[in-house]
Amino acid sequence: MLKSCADIVNVSKNLRNQYGGLFKVFIGPSPRLIICEQKSAEFLLSSQIFIEKSYEYNFLHAWLGTGLLTSTDAKWKSRRKLLTPTFHFKILEKYISIF
């Protein structure tokens, strides 16, 4: 049984060493995808296909509404389309000294 955050970290490291940088675990009845590799994370986070959120995101609706972080399907696509040009490299270049 896991008793501390250190236990969780150690179990995670062992699973990564045993199964690689991408594996599935069950937390109760719910499967969770654990990503420990940059390429896998980049693939999933930049995807416009894998945007379905888990039920836990419903708890954020009262606080954050249904914006880019919590929405899915057409609403997510329209919000993403509005926001993406803001983070274009040419626009961000002038803020490098601030960052």
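Here the side chain of S47 pairs no donor or acceptor atom with the backbone of F43 at under 3.5 angstrom. With hydrogens and angles disregarded, no donor-acceptor distance shorter than 3.5 Å links the side chain of N17 to the backbone of N14. Under a 3.5 Å cut-off, the side chain of K53 and the backbone N or O of T72 do not form any donor-acceptor pair. At distances below 3.5 Å, at least one donor-acceptor pair connects side-chain atoms of T70 with backbone N or O atoms of G65. Looking at T84, its side chain never comes within 3.5 Å of a backbone N or O of K81 through a donor-acceptor pair.
The shortest non-hydrogen separation linking S12 to F23 is O-CZ, 4.3 Å. For the pair G67 and R79, the tightest heavy-atom approach, listed with the atom from each and the gap, is CA-NH1, 3.4 Å. The two residues L68 and W76 make their nearest non-hydrogen contact at O-CD1, 3.2 Å. Across all their heavy atoms, R16 and G21 have their closest contact at CG-CA, 4.4 Å.
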For L69 and Y57: C-alpha separation, side-chain torsions, deciding distance, then whether side chain to side chain contact (heavy atoms under 4.5 Å, CB included) applies. CA-CA 9 Å; L69 178 66; Y57 279 81; 4.1 Å; yes

One pair to check against side chain to side chain contact (heavy atoms under 4.5 Å, CB included): S4 and D7. What are the steps and the verdict? CA-CA 5 Å; S4 70; D7 290 342; 3.5 Å; yes

Between K75 and T66, is a side-chain hydrogen bond (donor to acceptor under 3.5 Å, both in side chains) present by the stated rule, with each step listed? CA-CA 8 Å; K75 191 173 205 175; T66 54; 2.6 Å; yes

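Between E56 and R32 there is a salt bridge, since at least one side-chain N of the basic residue sits less than 4.0 Å from a carboxylate O of the acidic one.
E37 CD to L44 CG: the interatomic distance, rounded to the nearest 0.5 Å, is 11.0 Å. Rounding to the nearest 0.5 angstrom, the gap separating the OG atom in S71 from the NE2 atom in H61 is 7.5 Å.
Considering only heavy atoms from C-beta on, L22 comes within 4.5 Å of L33 through its side chain. Residues L15 and I34 are not in side-chain contact: their nearest non-hydrogen atoms beyond the backbone lie 4.5 Å or more apart.
Counting heavy atoms of neighbouring residues, nucleotides and ligands inside a 6.0 Å radius, atom CD of E93 exceeds 12 of them.
Using bins of under 30°, 30° to 60° and over 60° for the plane-to-plane angle, the ring pair Y55/F59 lands in the perpendicular bin.
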